[in-house]
Chemist: 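Below you will find the structure I want to go over with you.
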Amino acid sequence: MADLDDVKEGKNFAAEIPMEVRASAIRGANALDWGMQDRLSRIFQAGSGHTVMLAFDHGYFQGPATGLERLDLSIRPLIPYTDVLMCTRGGLRATIPTDSRKPVVLRCSGGMSVLTELSNELVAVDIEDAIRVNAAAITTNVYIGAEYEHQSLANLVKLIDTGNRYGIPTMAVTGVGKNMARDARYFGLATRICAEIGAQIVKSYFVDDGFEKVCAGCPVPIVIAGGKKLPEMEALQMAYHAIDQGAAGVDMGRNIFQSDCPIGMIEAVRAVVHGGEKPEKAIEIYSSAKAALH
Ligand code: 5RP
């Protein structure tokens with residue numbers, strides 16, 4: 001039986017201390033519900049507010065992409081070093097241990113391949129399955145200006161609406177059609193459209209000129225894709241400039257798992273993204289890890 005003596009005067013309500021109202025440190029997240037903010041907080045780290053996502057979802061349209069022939073061998077060893085796993089449900093279930101404790105950004109689109117039109121995607125995962133694998137966020141591509149622009153935006157709308165229903169944020173990936181200009185104007189347009197439609201995170205490519213305007217014009221966090229494999233120093237410079245100009249992190253794949261020292265590379269990327277380390281210092285982390293391999 002409840003303790004009736006507890007209902008009496010004399011409790012300490014500390015009435016003289018104003019109740020603290022905490023704003024979310026994540027851009028655009030203040031008005032989101034608790035579960036949504038909780039999931040975003042698992043993605044963006046408390047200290048830096050940034051994230052290092054490891055992208056290995058390439059197989060959903062590329063099959064066994066170089067470096068991802070065996071996810072168990074290439075990706076599993078990197079799990080301790082990443083903040084987030086970005087992958088397909090097939091890759092996740094088949095190869096990622098359930099005790100990895102890393103939040104998952106789940107690729108929820110598909111339906112095309114490298115042999116066909118890339119923008120011709122559909123939503124390829126039901127929200128129930130995203131919940132079943134405990135996704136921290138769900139993701140699909142948008143192809144602004146491409147043949148199936150409208151369909152890709154409809155896919156995004158569907159993910160956002162179903163994600164909102166269950167408190168799961170959506171990351172919109174700005175895919176680039178074959179003949180699209182990869183400049184700040186294009187990514188400024190594409191990222192802003194995604195945020196206005198309701199995406200809670202937007203993934204963009206980095207551009208050398210005007211990337212700070214892309215970030216400034218997007219009211220939710222931007223993470224950058226790594227793109228094709230670059231020399232390690234160039235990839236670290238790209239990450240550094242992206243963060244310096246307002247990105248909230250990286251969602252990097254090939255520049256990590258195709259490196260000749262993936263653990264050293266992801267540690268170097270972390271130093272840049274979370275520690276603000278300059279590329280010239282961060283490359284030393286990669287170089288010494290590589291030297292230790294031999
Ligand atoms: C494809 C994706 C991929 O996950 C992403 O582009 C891969 O990362 P990277 O470019 O760094 O290999 O979203 O649309």
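We number each residue from 1, following the sequence as shown. Both ligands and their constituent atoms are indexed starting at 1 by order of listing.
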Chemist: How about NZ on K102, more than 12 heavy atoms from neighbouring residues, nucleotides or ligands closer than 6.0 Å, or not?
Modeler: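 For K102, atom NZ is crowded (more than 12 foreign heavy atoms under 6.0 Å).
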Chemist: Indicate if L159 and L40 have the same hydrophobic cluster label, given that clusters are the connected sets of ILVMFWY residues with side-chain heavy-atom separations under 4.5 angstrom.
Modeler: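 They do not share one cluster, since no chain of ILVMFWY contacts under 4.5 Å joins L159 to L40.
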Chemist: How far is atom 5 (C) of ligand 1 from its nearest protein heavy atom, and which residue and atom is that?
Modeler: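 Scanning the protein heavy atoms, the shortest distance from atom 5 (C) of ligand 1 goes to K203 NZ, 3.0 Å.
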Chemist: Using distance alone, decide if ligand 1 has a nitrogen or oxygen within less than 3.5 Å of any nitrogen or oxygen in F61.
Modeler: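 Looking only at distances, the answer is no, because the N/O contact criterion of under 3.5 Å is not met.
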Chemist: Taking heavy atoms and a distance under 4.0 Å, where does N141 meet ligand 1: side chain, backbone, both or neither?
Modeler: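 The side chain, only.
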Chemist: Taking only heavy atoms of A55 into account, list the atoms of ligand 1 that are under 4.0 Å away from them.
Modeler: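 In order of numbering, the contacting atoms are 4 (O), 7 (C), 8 (O).
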Chemist: Donor-acceptor pair, E149 side chain versus G145 backbone, under 3.5 Å?
Modeler: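 Between the backbone of G145 and the side chain of E149 there is a qualifying donor-acceptor contact (under 3.5 Å).
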Chemist: Are a donor atom and an acceptor atom from the side chains of T66 and Q258 found within less than 3.5 Å of each other?
Modeler: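 Side-chain D/A pair, T66 to Q258: absent.
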Chemist: Hey, quick one: are M252 and L85 part of the same hydrophobic cluster, counting side-chain heavy atoms closer than 4.5 Å, chains of contacts allowed?
Modeler: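 Shared cluster, yes.
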Chemist: Considering only heavy atoms, which of Q62, R107, M86 lies nearest to atom 1 (C) of ligand 1?
Modeler: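 Shortest heavy-atom distance from atom 1 (C) of ligand 1: R107.
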Chemist: Quick one: look up the protein heavy atom nearest atom 11 (O) of ligand 1 and list residue, atom name and how far away it is.
Modeler: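 Result for atom 11 (O) of ligand 1: G253 N, 2.8 Å.
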Chemist: Quick one: sort the F206 and H241 rings into parallel, tilted or perpendicular, breaks at 30° and 60°.
Modeler: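 F206 vs H241 ring planes: parallel.
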Chemist: Is there a heavy atom of V173 sitting under 4.0 angstrom from any atom of ligand 1?
Modeler: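 Yes, V173 has heavy atoms under 4.0 Å from ligand 1.
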Chemist: How close does the nearest protein non-hydrogen atom get to atom 4 (O) of ligand 1, and which residue and atom is it?
Modeler: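 Sorting protein heavy atoms by distance from atom 4 (O) of ligand 1 puts D57 OD1, 2.4 Å first.
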Chemist: Checking I75 against T95 for the side-chain contact (heavy atoms from CB on, under 4.5 Å) test, could you report, in this order, the C-alpha distance in whole Å, the side-chain angles of both residues, the deciding distance, and whether it holds?
Modeler: CA-CA 9 Å; I75 298 301; T95 50; over 6 Å; no
Chemist: Strictly under 4.0 Å, does any heavy atom of G227 approach an atom of ligand 1?
Modeler: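 Distance cut 4.0 Å: G227 passes for ligand 1.
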Chemist: Would you say Y60 and ligand 1 have an N/O pair spaced under 3.5 Å apart?
Modeler: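 Min N/O separation from ligand 1 is not below 3.5 Å for Y60.
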Chemist: Mark up the atoms of ligand 1 that fall under 4.0 Å of a heavy atom belonging to R254, in ascending order.
Modeler: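 So the atoms of ligand 1 that pass are 9 (P), 10 (O), 11 (O), 12 (O).
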Chemist: Any N or O on H58 sitting closer than 3.5 Å to an N or O of ligand 1?
Modeler: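 Yes - when backbone and side-chain N and O of H58 are compared with those of ligand 1, one distance drops under 3.5 Å.
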Chemist: Does the side chain of D83 pick up a donor-acceptor pair with the side chain of H50 at under 3.5 Å?
Modeler: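 No, because no side-chain N or O of D83 sits under 3.5 Å from a partner of the opposite role on H50.
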Chemist: Do the side-chain N and O atoms of Q200 and N164 include a donor-acceptor pair separated by under 3.5 angstrom?
Modeler: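 There is such a pair between these side chains.
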Chemist: What atoms of ligand 1 come closer than 4.0 angstrom to any heavy atom of M252?
Modeler: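 Contacts of ligand 1 toward M252, numbered from 1: 11 (O).
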